[in-house]
Amino acid sequence: MQGQSNFMKAFIISQLDQVVSQLKSEGLLPEEFQPRIQIDNTKDKAHGDLASNLALMAAKQAGMKPRDLAEKLVALLQADAAFMQKVSKMEIAGPGFINFFLSTSALTSVIKEVLAQESTFGQSNQGQGEKVQVEFVSANPTGPLHVGHGRGAAVGDCLCRLLEATGWKVTREFYYNDAGAQINNLALSVQARAKGLTPEDPSWPEDGYRGDYIQDVATAYMAGETVTADDRQVKGAADAEDLEAIRYFAVASLRREQDLDLKAFGVDFDVFFLESSLYQEGKVEEAVQALIENGFTYEEGGALWLKTTEFGDDKDRVMRKTDGGYTYFVPDVAYHLNKWQRGFKKVINEQGADHHSTITRVRAGLQGLKVDIPEGWPDYVLHQMVTVMRSGEEVKISKRAGSYVTLRDLIDEVGCDATRYFLAARAATSQLTFDIDLARSQTNDNPVYYIQYAHARLCSVARQAEEKGYSWSLETTDLEQLQSEQEQALLNQLARFPEVVSIAARELEPHQIAQYLRDLAAAMHSWYNACQFLVEDEALRSARLALAAATRQVLNNGLHLLGVSAPESM
RNA sequence: GCGCCUAUAGCUCAACCGGAUAGAGCAACGGCCUUCUAAGCCGUAGGUUGCAGGUUCGAGUCCUGCUGGGCGCGCCA
């Protein structure tokens with residue numbers, strides 16, 4: 001699938017396509033030759049603005065040397081007067097690249113596009129209004145969100161924003177594992193605290209949760225406080241013997257706390273899906289029955305097994321334990337069947353790589369249901385582990401959670417913007433080192449402020465232009481004034497944006513947006529230092545204010561995709 | 001032992017379905033504020049892309065085999 005490209009790329013591709021057809025009719029190229037014509041951004045401005053490797057790809061089939069074929073292609077393009085209005089010069093370079101030098105009018109046309117499309121510049125319709133469900137975070141309601149959940153939240157939310165920007169109809173979903181052994185464990189831990197035990201006591205539950213937050217929950221429960229979670233209100237029963245009441249209260253308390261953390265992080269969900277609802281509605285049992293009826297199960301050692309090996313797993317897995325309970329992936333299968341039945345042909349699960357072994361099991365279960373779910377469904381985006389560093393040393397604990405660093409710690413300490421940026425700026429496949437000192441620093445070390453500062457500077461220029469009565473309108477502005485090296489570099493960066501958004505969405509890689517924004521901000525800062533905007537020469541001034549307005553808009557659009565604010569002053 | 005991820009400058013990381021001389025930031029060194037925000041800019045230095053083969057006109061990118069690191073391999077989730 002070809003990504004949405006900037007219009008000059010699309011234009012050159014279509015012209016080259018015509019030229020290829022021409023060469024076919026001349027018999028120079030075989031009829032069956034169907035190149036994927038590729039136009040690249042150049043790394044070196046000596047190579048022009050855009051470049052094509054078509055001659056290199058087609059040389060063999062044409063039976064010509066690449067450079068000779070390139071000559072031929074260039075000659076045909078040069079014959080087209082309309083084409084040569086947009087391309088001021090072509091050069092053949094290296095082994096046979098064709099370098100395109102764009103005319104100023106072609107370069108500056110992006111300004112008109114940006115100012116006309118405003119906040120929609122960069123958007124496309126790749127998704128064609130199709131539904132996509134993105135499940136992310138999905139933390140167990142047994143403790144505060146940790147930094148790994150934070151990475152999931154940042155990456156998942158940016159993915160959603162990218163998909164929305166490219167024409168998908170997105171449902172953000174959070175799956176609560178509110179049934180199962182870990183919840184029982186939570187209830188026992190709170191109960192122990194309610195009875196005044198501490199983790200040091202010999203009678204403290206085995207594998208109990210030891211963090212301070214358990215004490216907070218127990219105290220609130222015993223005080224009869226009322227907790228309001230997203231879908232329920234629970235009053236503490238103040239009875240240390242009522243484990244059921246404790247369980248209910250504890251889950252509500254932790255859900256509420258997670259909700260507050262997510263809100264502070266600027267992440268909203270459309271659906272909170274409860275694992276317990278699958279049991280209540282008999283969906284887990286239905287899925288199990290279907291798997292049994294389809295012959296993918298067997299009993300052994302008092303347990304029920306799923307033949308996951310028939311779907312690529314290295315060993316079969318227990319579905320129903322000897323104690324009668326289901327293993328965790330069984331409700332997961334029921335849940336994903338539910339997603340499918342809700343009509344999501346595309347589903348993306350963003351989760352930590354430490355859970356990657358579930359993928360094979362869930363997909364195997366879905367195949368075993370035999371309801372025509374495609375083999376590779378659903379998609380997964382796995383993020384690797386996060387290490388938090390402070391003063392050159394790894395930070396492993398938080399006061400509240402005990403054994404891990406919480407998302408709340410980071411938001412409180414470095415702020416929402418910087419936390420989101422740092423957690424989304426690296427490829428999900430890479431382990432991430434979160435440097436608190438760097439994220440906190442309000443200096444040029446910090447890419448968040450670097451990008452935001454670029455935006456704030458342009459806002460400031462616009463304010464001052466207004467104060468001085470320097471009005472301008474696009475219709476009467478002569479964009480040919482933008483001749484400096486920095487201006488042309490910036491124009492090329494602006495033109496890249498729709499394509500970057502498109503590729504980032506297609507590859508499910510939000511970090512590409514962060515990377516791009518840094519490049520764009522760098523181009524803007526270089527320009528800012530090289531050129532004065534509020535000059536006497538009205539023609540030049542207006543052109544620069546137009547470019548400044550367009551750049552500000554694209555910075556804003558890009559920051560929005562990351563969920564990072566775009567301040568008007570700093 | 002098996003599976004997934006990963007290895008790029010001293011450090012943290014990029015590199016657009018294989019493209020030209022592998023790029024940024026930090027750290028180091030040298031410059032730029034009477035002028036729109038110096039949270040900025042310009043320059044210098046820094047590399048056998050873990051190792052060895054292979055495919056290709058062309059490989060950090062694809063294939064094979066090694067080596068190191070992370071995660072997983074439970075009738076936990």
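Naming convention: chains lettered A, B, ... in sequence-line order (proteins, then strands); numbering from 1 in each chain. Atoms considered below: every heavy atom in the structure, side chains included; atoms not considered: hydrogens, waters and symmetry mates.
- Note on A:Ala456: a base of the nucleic acid sits closer than 4.0 angstrom, heavy atoms only.
- Distance check on atom C1': B:rA45 versus B:rG25 gives 16 Å, rounded to whole Å.
- Below 30°, between 30° and 60°, or above 60°: for A:His336 and A:Trp377 the angle between ring planes is above 60°, a perpendicular geometry.
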Where do N or O atoms of nucleotides 42-50 of chain B meet protein N or O atoms at under 3.5 Å, pair by pair?
from   : atom 1 : to       : atom 2 : distance (Å)
B:rC42 : OP1    : A:Ser526 : OG     : 2.8

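- Across all strands, A:Met57 comes closer than 4.0 Å to base atoms (heavy-atom distances).
- Taking the P atom of each, B:rG60 and B:rA15 are spaced 15 Å apart, rounded to whole Å.
- Nucleic acid contact class of A:Asp435 (heavy atoms, under 4.0 Å, all strands): none.
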Considering only nitrogen or oxygen atoms on both sides, find all protein atoms under 3.5 Å from nucleotides 32-36 of chain B and state each distance.
from   : atom 1 : to       : atom 2 : distance (Å)
B:rC36 : O3'    : A:Gln464 : OE1    : 3.1
B:rC36 : O3'    : A:Gln464 : NE2    : 3.1
B:rC36 : O2'    : A:Gln464 : OE1    : 3.1
B:rC36 : O2'    : A:Gln464 : NE2    : 2.9
B:rC36 : O2     : A:Phe533 : N      : 3.3
B:rC36 : O2     : A:Leu534 : N      : 3.2
B:rC36 : N3     : A:Phe533 : N      : 3.1
B:rC36 : N4     : A:Tyr528 : O      : 2.5
B:rC36 : N4     : A:Cys531 : O      : 2.4

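- If you measure from atom OH of A:Tyr421 to atom P of B:rU12, you get 17 Å, rounded to the nearest angstrom.
- Checking the phosphate oxygens (OP1, OP2) of B:rA77, no side-chain nitrogen or oxygen of A:Thr327 falls inside 4.0 Å.
- For the P atom pair drawn from B:rC33 and B:rA20, the interatomic distance equals 38 Å after rounding to whole Å.
- For B:rC57, one of the phosphate oxygens OP1 or OP2 lies less than 4.0 angstrom from a side-chain nitrogen or oxygen of A:Lys60.
- Here A:Asn41 lies in heavy-atom contact (under 4.0 Å) with a base.
- Base contact: A:His355 has a heavy atom under 4.0 Å from a base atom.
- Relative to the side chain of A:Arg506, the nucleotides B:rC76, B:rC16, B:rU12 differ in distance, and B:rC16 lies closest.
- Distances shorter than 4.0 Å separate none of the side-chain N or O atoms of A:Lys43 from OP1 or OP2 on B:rA22.
- Of the possible polar contacts, one joining the A:His149 side chain to the A:His146 backbone as a donor-acceptor pair under 3.5 Å is found.
- When heavy atoms are screened at a 4.0 angstrom cut-off, A:Ala427 is found touching the sugar-phosphate backbone but no base atom.
- In this structure, A:Glu568 places its CD atom where only 12 or fewer heavy-atom neighbours from other residues, nucleotides or ligands lie under 6.0 Å away.
- Of the listed nucleotides (B:rA39, B:rC16, B:rC76), B:rA39 has the atom at the smallest distance from the side chain of A:Met570.
- In this structure, the aromatic ring of A:Phe97 is positioned over the six-membered ring of the base of B:rA20, centres within 5.5 Å and planes within 30°.
- The gap from the C1' atom of B:rC76 to that of B:rA14 amounts to 38 Å, rounded to the nearest Å.
- Taking the C1' atoms as reference points, B:rU21 lies 25 Å from B:rC11, given to the whole Å.
- Within the 4.0 angstrom heavy-atom criterion, only backbone atoms of the sugar-phosphate kind lie near A:Ala353; the bases stay farther away.
- A:Thr360 is linked by a side-chain contact (heavy atoms from CB on, under 4.5 Å) to A:Asp313, counting only residues two or more places apart in sequence or in another chain.
- Sorted by first and then second residue, the pairs that involve residues 498-521 of chain A and meet ring-ring contact (aromatic ring centres under 6.0 Å, His included), not counting sequence neighbours, are A:Phe497-A:Tyr516.
- B:rG74 and B:rU55: their P atoms are spaced 41 Å apart (whole Å).
- Atom CG in A:Asn140 sits roughly 15 Å away from atom P in B:rC76 (whole-Å rounding).
- Looking only at distances, no side-chain donor or acceptor of A:Arg552 sits under 3.5 Å from a matching main-chain atom of A:Arg457.
- The phosphate of B:rC41 (OP1 or OP2) has a side-chain N or O of A:Tyr450 nearer than 4.0 angstrom.
- Counting non-hydrogen atoms under 4.0 angstrom, A:Thr142 reaches nothing in the nucleic acid.
- Every pair passing side chain to side chain donor-acceptor pair (under 3.5 Å) that includes a residue from residues 538-547 of chain A is listed here, sequence neighbours excluded: A:Glu487-A:Arg544.
- A:Gly301 comes within 4.0 angstrom of a base, heavy atoms only.
- By the neighbour-count criterion of 12 heavy atoms within 6.0 Å, atom CD of A:Glu394 is densely surrounded, having more than that number from other residues, nucleotides or ligands.
- In this structure, NE2 of A:His525 is placed 11 Å from C1' of B:rA38, rounded to the nearest angstrom.
- Residue-nucleotide stacking is present for A:His47 and B:rA20, judged by a side-chain ring centre under 5.5 Å from the six-membered base ring centre and planes under 30° apart.
- B:rG10 sits 28 Å from B:rC5 when the P atoms are compared, rounded to a whole Å.
- One N or O on the side chain of A:Gln258 and one on the backbone of A:Gly143 form a donor-acceptor pair closer than 3.5 Å.
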Distances under 3.5 Å between nitrogen or oxygen atoms of protein and nucleotides 2-5 of chain B:
from  : atom 1 : to       : atom 2 : distance (Å)
B:rG3 : N2     : A:His356 : NE2    : 2.9
B:rC5 : O2'    : A:Gln384 : NE2    : 3.1
B:rC5 : O2'    : A:Thr429 : O      : 2.6

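- Taking the P atoms as reference points, B:rU48 lies 23 Å from B:rU6, given to the whole Å.
- Contact annotation: A:His511 side-chain N/O to B:rA15 OP1/OP2 distance is under 4.0 Å.
- A donor-acceptor pair under 3.5 Å is absent between the side-chain atoms of A:Ser502 and the main chain of A:Pro498, judged by distance alone.
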